[in-house]
Peer 1: 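This is the structure, below, for whatever I ask next.
Nothing here was measured: the structure is a model prediction, and the numbers come from that model. Both ligands and their constituent atoms are indexed starting at 1 by order of listing.
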Amino acid sequence: MKSYTLHRHVQLFRFGDPFETESLCYPGENLIPQEEVELPEFDIFKNNGITVLTYQLEKQDRVIGLGESVGGINKRGRVIEAYATDDPIHTPDKRALYGAHNYLFIAGNKNLGIYLDFPGKISYDIGFSHPDRMIITIDGGDFDLYVFRHDDLLEAVRSFRKLQGVGYAPPKWAFGNQQSRWSYDTADKVREVADNMRKKWLPCDAIYLDIDYMENYKDFTVDETKFPDFRQFVEEMKIRGFRLIPIIDAGVKIEPGYHVYDEGVEEKYFCINEKDQPFVAAVWPGWVHFPDFQQPEVRQWFGKQYQVLTDYGIEGFWNDMNEPSVFYTEESLGTFIQKAKECEGKNIDLEDFFVLKDLFEALSANPDAYKKMHQISETKKIQHHQIHNLYGFNMTRAAAEGIEKIDPNKRYLLFSRSSFTGMGRYAGLWTGDNYSWWEHILLMIKMLPALNMGGFLYIGADIGGFGGDASPDLLVRWTQASLLTPLFRNHSAIGTRNQEPYSFDHWTTEAIRKMLELRYALIPYIYSEYMKAALHHDLYFKPLSFEYIDEHSMEVEDQLLVGESVMMAPIYQENARGRYVWVPEEMLLWKTVMNHQDEFQVIKPGHHYMHLELDETALFIRKNKMIVLADPAQNVDLMNFDRLTVLAFVDGEATYGYYDDDGETTNYKLEKNIKMMIRIRQHHNDYQIDVELKSSVTISKIHFMLTNPAGEFAEMDYDVSSGEIHKGSN
Ligand code: MIG
């Protein structure tokens, strides 16, 4: 083990000769080894190619992070595995989901953060086998361990995030409402969705194309019988204000004559088996090969393919099945069929039956396949299993780098199912196949900050749940809980109840419309906070404990801070007409209600029961903070960001740096980040407002809605060009 100091608070411990994952992007060549090797916090034990790191947990230690996984914000008491898995049933006992996120932050008397840069399997036993021990088992001996030692947790996270570089910036329209289903499988079906959204005045920016738009599930093809004249159709939808977002799967169909297959075979771009032949597995298209995304040329080649679709006018993609998901292999199918044949016509006994059943269930037992599949890294042949967790990351990197070349100045929407640390530079992610279960609203809430810590900022769950049937009230509450998730998409599985906001009764549609309008009104704030988090290595979603150090804030698992000004405390329980909220400091409760005026109320610190009917959405504005709003419209392109509303809760003085940009080009990389500084000074019910424009953004009018701790409310209009203030009615 060698050790290096990267920064006063950041150390790197290098075990053996680690595989270069490229998850981080700091200039590694400057590493100068230290004389003294110190890693006092961990006991290190090596055996049979496995490394075990043990950490003594103190009673008050909380363990936060690990990204996409079931369990709480505090992961203590669980086992989490980093081994990307296509498991569509996220029950509480599951140890691995789609991503592998090897970072965690221990918060207690002493704070400590770690990141394990290792592409294979790792298991984290966090006080499960032994209550006072965290036992990390690494399936190898070559890895990098980064240690972050800060007194402040947020600073530790920032240090980690800095090593990953600047976060992915989607186009602004990607913050609008998006409608999906597996599948809107013909152009007419898509038109019907668009018609319904507009007829019911449900704001919406994008409609998704799931696997059925393709010709026999072949990537980068469009089925002409279902989508005749696709280019024209994309254009038609764009004119109506909808972007179409096609899915891309990892597996490439084996079909001579299909250009992606032919080129891949010819150039040896696919993963190989033990005999150096292209590895064969089955997914949606039937038999497929998997591109070997570990090779830079393969990434370039695959990335280029997206142009087939961008040439049609497509501006966004979602990458799926990139764990990679394997339904079965020739071998697993063969073993099953052979056993089935043996049983045929026989009066089978219980033993036979269970063998048969197990073999059937093991058809998609991926670890077997992952050991037989191989990839090439710098001319070395490596078992896929060893670098399994990089597959989705590299597929998505291929896509991002490919589309960047197509139009370097344009921002595209891109997110992936599988992921590894560092992917947040290239794209977002969605949390895969959740269910229409109330429990999964809470699971989403808990995952959001953990994902942010790892640099995944453009994130969201399938609103309403993917599997199973959504009830109308579930969809309403889920929509409320997702109000501020950057990716805001309703998606559901084939065979489930229709789940579009218009697919229920009239009342439900109306209630959701109100929430969608609120979502759009919030886009200036969401966008401002998102971009600041992406550019400054910050968290968009934070657990309360990151800002408040009281004992309750340490424990809260169902409320989050969103950006610098908001606390969310959504309802996630069936039939609930309210919930308990921990309010760590004085805040302003802002309640929107269908068919009524908004309500504002100053809430004292403490535990409160907050009554909230199904059509009532609540947000808390923190003290001396503000949020920026705009008038909603049917889509983001139609919104006017020149006229803004500022909603503030001021006790003395509040300031806010508002970020905005053109929302479509990559010019944000060159420009100054903060566009406007707002300062509000309060004295009783008098306010002094200063607005300083930092760049050429045109903002003409700002309407201020101000509340002081006495609950007095004031409104005024600020004319930006003249700097004049007109007071409205109090
Ligand atoms: O095996 O493309 O998570 O969002 O609708 C299922 C069909 C494959 C899984 C994705 C889901 C998508 C579905 N896909």
Side-chain angles (χ1 to χ4, degrees), residues 68 70 84-90 94 96-99 178-186 189-190 193 206-223 226 244-253 281-288 290 309 316-328 363-366 369 391-392 395-396 399 413-419 427-437 440 443-444 447 458-470 478 482 485 487-500:
E68 188 175 48
V70 301
T85 304
D86 173 13
D87 184 335
I89 306 186
H90 311 165
K94 292 299 163 68
L97 295 177
Y98 311 93
Q178 312 189 42
Q179 185 58 52
S180 184
R181 181 165 174 87
W182 176 17
S183 286
Y184 303 132
D185 58 358
T186 61
K189 188 73 212 168
V190 175
V193 176
I207 300 176
Y208 278 66
L209 301 179
D210 208 320
I211 45 175
D212 300 287
Y213 79 88
M214 293 182 251
E215 216 178 81
N216 297 319
Y217 309 120
K218 284 183 286 188
D219 281 338
F220 314 113
T221 67
V222 176
D223 188 328
K226 298 171 181 171
L244 298 180
I245 316 295
I247 196 169
I248 303 292
D249 279 8
V252 171
K253 184 173 170 61
V283 209
W284 289 111
W287 296 117
V288 301
F290 292 117
L309 291 155
F317 300 93
W318 50 316
N319 284 346
D320 190 20
M321 307 298 273
N322 50 8
E323 294 70 30
S325 182
V326 171
F327 291 166
Y328 52 88
L363 277 178
S364 347
N366 303 340
Y391 196 79
M395 175 189 181
T396 301
L413 168 61
L414 179 65
F415 59 89
S416 171
R417 194 170 69 181
S418 189
S419 58
L429 67 77
W430 95 104
T431 55
D433 299 346
N434 57 10
Y435 254 77
S436 297
W437 294 335
H440 276 182
L443 182 60
M444 169 187 85
M447 265 194 233
Y458 188 74
I459 51 175
D462 289 349
I463 297 174
F466 176 72
D469 294 330
W478 207 320
S482 309
T485 58
L487 166 60
F488 184 97
R489 182 181 75 142
N490 173 327
H491 180 48
S492 57
I494 196 164
T496 63
R497 178 182 190 179
N498 288 342
Q499 195 173 287
E500 299 79 12

Peer 1: If the plane angle is over 60° it's perpendicular, under 30° parallel, otherwise tilted; pick one for Trp318 and Tyr208.
Peer 2: perpendicular
Peer 1: Anything under 3.5 Å between an N or O on ligand 1 and a protein N or O? List each pair with its distance, or write none.
Peer 2:
unit_1, atom_1, unit_2, atom_2, d
ligand 1, 1 (O), Trp284, NE1, 3.2
ligand 1, 2 (O), Asp210, OD1, 2.5
ligand 1, 3 (O), Arg417, NH1, 3.0
ligand 1, 3 (O), Asp433, OD1, 2.4
ligand 1, 4 (O), His491, NE2, 2.9
ligand 1, 5 (O), Asp210, OD2, 2.5
ligand 1, 5 (O), His491, NE2, 2.9
ligand 1, 14 (N), Asp320, OD2, 2.8

Peer 1: Checking Arg181 against Thr496: is there a side-chain donor and acceptor pair closer than 3.5 Å?
Peer 2: yes
Peer 1: Under the side chain to side chain contact (heavy atoms under 4.5 Å, CB included) rule, collect the residues that match up with Tyr435, sequence neighbours excluded.
Peer 2: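 Checked Tyr435 against side chain to side chain contact (heavy atoms under 4.5 Å, CB included); matches are Ile89, Trp437, His440.
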Peer 1: Among Tyr213, Tyr217, Phe317, whose side-chain contact (heavy atoms from CB on, under 4.5 Å) with Ile247 holds?
Peer 2: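 Option passing the side-chain contact (heavy atoms from CB on, under 4.5 Å) with Ile247: Tyr213.
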Peer 1: Check for a donor-acceptor pair, side chain of Asp469 on one end and backbone N or O of Arg497 on the other, with a separation under 3.5 Å.
Peer 2: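 Looks like yes, one N/O pair under 3.5 Å.
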Peer 1: Name the residue from Val326, Ile211, Val288 that meets the side-chain contact (heavy atoms from CB on, under 4.5 Å) definition with Val283.
Peer 2: Val288
